[in-house]
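To keep things clear, I will list the structure first and then write my remarks on it.
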Amino acid sequence: MREEFKVYQGVFDDFTIKTLYTLSLKHFETIEGPIKTGKEADVYSLLTEKGRVAAKIFRIETSNFKTMREYIIGDNRFPYIRKGKRKMVFAWAKKEFSNLQRAIDMGIRAPEPIAFKNNVILMEFIGNEKPAIAAKDNPPKNKEKWRKIINNYMETMKKYDFVHGDLNEFNVLNHKEEPILIDWAQAVFKEHPLYEKMWKRDMKNVKRWLSG
Ligand SMILES: Nc1ncnc2c1ncn2[C@@H]1O[C@H](COP(=O)(O)OP(=O)(O)OP(=O)(O)O)[C@@H](O)[C@H]1O
Ligand SMILES: [Mg+2]
């Protein structure tokens with residue numbers, strides 16, 4: 001393990017440090033610091049030769065296994081998940097990575113996925129010198145413009161039988177007054193039993209947020 005990763009021994013478990021180390025060989029130089037630490041995941045900014053990337057590091061021990069299970073079971077892309085917290089968290093990270101790519105392919109503005117391994121995903125860093133702030137704490141100046149853009153994104157998702165599932169002001173970053181949709185782990189396609197319920201929830205939340 002590289003010396004500099006040792007300072008993270010009290011912060012991440014050994015397994016996560018090893019994962020970060022492996023990813024660093026190809027994808028980044030150093031860990032700059034935390035952007036946000038949360039219940040399910042911590043998001044860090046990493047420095048590369050060319051700039052920054054963001055790492056979303058899912059917690060293995062304290063993650064909400066039950067919620068993950070609910071969203072993963074029924075998703076045909078992940079048929080082999082049965083039990084085991086570790087594997088579930090890895091599948092969850094992989095699911096967010098794959099969903100980010102799907103969203104981008106549909107033309108939705110979301111962080112570009114870069115790489116993933118185990119419980120860590122690397123993606124485009126949204127921000128300049130500082131990370132972009134969620135719309136909850138940095139509301140758009142032009143709410144009407146955002147309402148149109150986000151409604152368009154929702155129409156696109158509907159067209160592809162896809163749903164974000166946690167779309168609200170906490171999961172949309174305001175980057176130079178442009179909305180960037182983040183936090184895609186729970187997103188599913190129409191085959192999923194929760195699809196309709198998630199659609200209703202997203203529509204209700206977006207309406208409350210942008211049409212209220
Ligand atoms: N690509 C990114 N670039 C810059 N900042 C980011 C990026 N992705 C996430 N963030 C920051 O991290 C925060 C949390 O990200 P995200 O919503 O994906 O995690 P979460 O699943 O909600 O985590 P938790 O449930 O533990 O709070 C965001 O509000 C934002 O501040
Ligand atoms: Mg979030």
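Each ligand, and each atom within it, is numbered from 1 in the order the structure gives. All residue numbers in this chain count up from 1 along the given sequence.
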Q | Whether Trp199 and Tyr195 hold their rings parallel, tilted or perpendicular, with breakpoints at 30° and 60° | A | perpendicular
Q) Is the closest basic N to carboxylate O distance between Arg109 and Glu124 below 4.0 Å? A) yes
Q | For Asn171, the ligand 1 atoms whose distance to one of its heavy atoms is below 4.0 Å | A | 17 (O)
Q | Protein contact to atom 28 (C) of ligand 1 [nearest heavy atom, distance to 0.1 Å] | A | Ile182 CD1, 3.5 Å
Q: Please write down residue, atom name and distance for the protein heavy atom closest to atom 27 (O) of ligand 1.
A: Lys36 NZ, 2.9 Å
Q: Taking atom NZ of Lys158 as the centre, report whether more than 12 heavy atoms of other residues, nucleotides or ligands fall under 6.0 Å from it.
A: yes
Q) Of all the atoms in Asp166, is at least one N, O or S atom closer to the Mg ion (ligand 2) than 2.8 Å? A) no
Q: Look at atom 30 (C) of ligand 1 and say which protein heavy atom is nearest, naming residue and atom and giving the distance to 0.1 Å.
A: Leu173 CD2, 3.8 Å
Q. Heavy atom under 4.0 Å from ligand 1: found in Glu40's side chain, backbone, both, or neither?
A. both
Q: Please report which non-hydrogen protein atom sits nearest to atom 5 (N) of ligand 1, along with the residue it belongs to and the distance in Å to one decimal place.
A: Ile35 CD1, 3.9 Å
Q. Which class fits the ring pair Tyr21 and Phe5: parallel under 30°, tilted 30 to 60°, perpendicular over 60°?
A. perpendicular
Q. Going by an N to O cut-off under 4.0 Å, is there a salt bridge joining Glu177 and Lys141?
A. yes
Q.
With heavy-atom distances below 4.0 Å as the criterion, list the atoms of ligand 1 near Ala54.
A. 1 (N), 2 (C), 3 (N)
Q. Are any of the N/O atoms in Ala41 less than 3.5 Å from those in ligand 1?
A. yes
**Q.** Name of whichever N/O/S atom of Asp183 is nearest to the Mg ion (ligand 2)
**A.** OD2
**Q.** Proximity winner for atom 8 (N) of ligand 1, if only heavy atoms of Lys136, Arg59, Met123, Lys130 are counted
**A.** Met123
Q: Check Ile133 against ligand 1 and report side chain, backbone, both or neither, counting heavy atoms closer than 4.0 Å.
A: neither
Q) For atom 19 (O) of ligand 1, what's the nearest protein heavy atom and its distance? A) Lys56 NZ, 3.3 Å
Q.
How far is atom 1 (N) of ligand 1 from the closest protein heavy atom, and which atom is that?
A. Glu124 O, 2.9 Å
**Q.** Shortest protein contact, atom 4 (C) of ligand 1 (heavy atom only)
**A.** Ile126 O, 3.4 Å
Q: Can you spot which of Phe162, Tyr160, Tyr153 makes a side-chain contact (heavy atoms from CB on, under 4.5 Å) with Ile108?
A: Tyr153
Q) Quick one: does Asn99's side chain have a donor or acceptor within less than 3.5 Å of a partner on Lys95's backbone? A) yes
Q. Within a radius of less than 6.0 Å around NZ of Lys143, do more than 12 heavy atoms belonging to other residues, nucleotides or ligands occur?
A. yes
Q: Might you point out which heavy atoms bring Met157 and His164 nearest each other, and give the distance in Å?
A: SD-N, 3.7 Å
Q) For atom 10 (N) of ligand 1, which protein heavy atom lies nearest, and how many Å away is it? A) Val43 CG1, 3.7 Å
Q.
Taking distance alone, with N or O pairs closer than 3.5 Å, would you say Asp183 contacts ligand 1?
A. yes
(Q) Between Asp42 and Lys36, does any NZ, NE, NH1 or NH2 come within less than 4.0 Å of an OD or OE carboxylate oxygen? (A) no
Q. Is a side-chain donor-acceptor pair under 3.5 Å present for Gln101 with Asp105?
A. yes
Q | Where ligand 1 meets Pro111 - atom numbers and elements under 4.0 angstrom, heavy-atom basis | A | 1 (N)
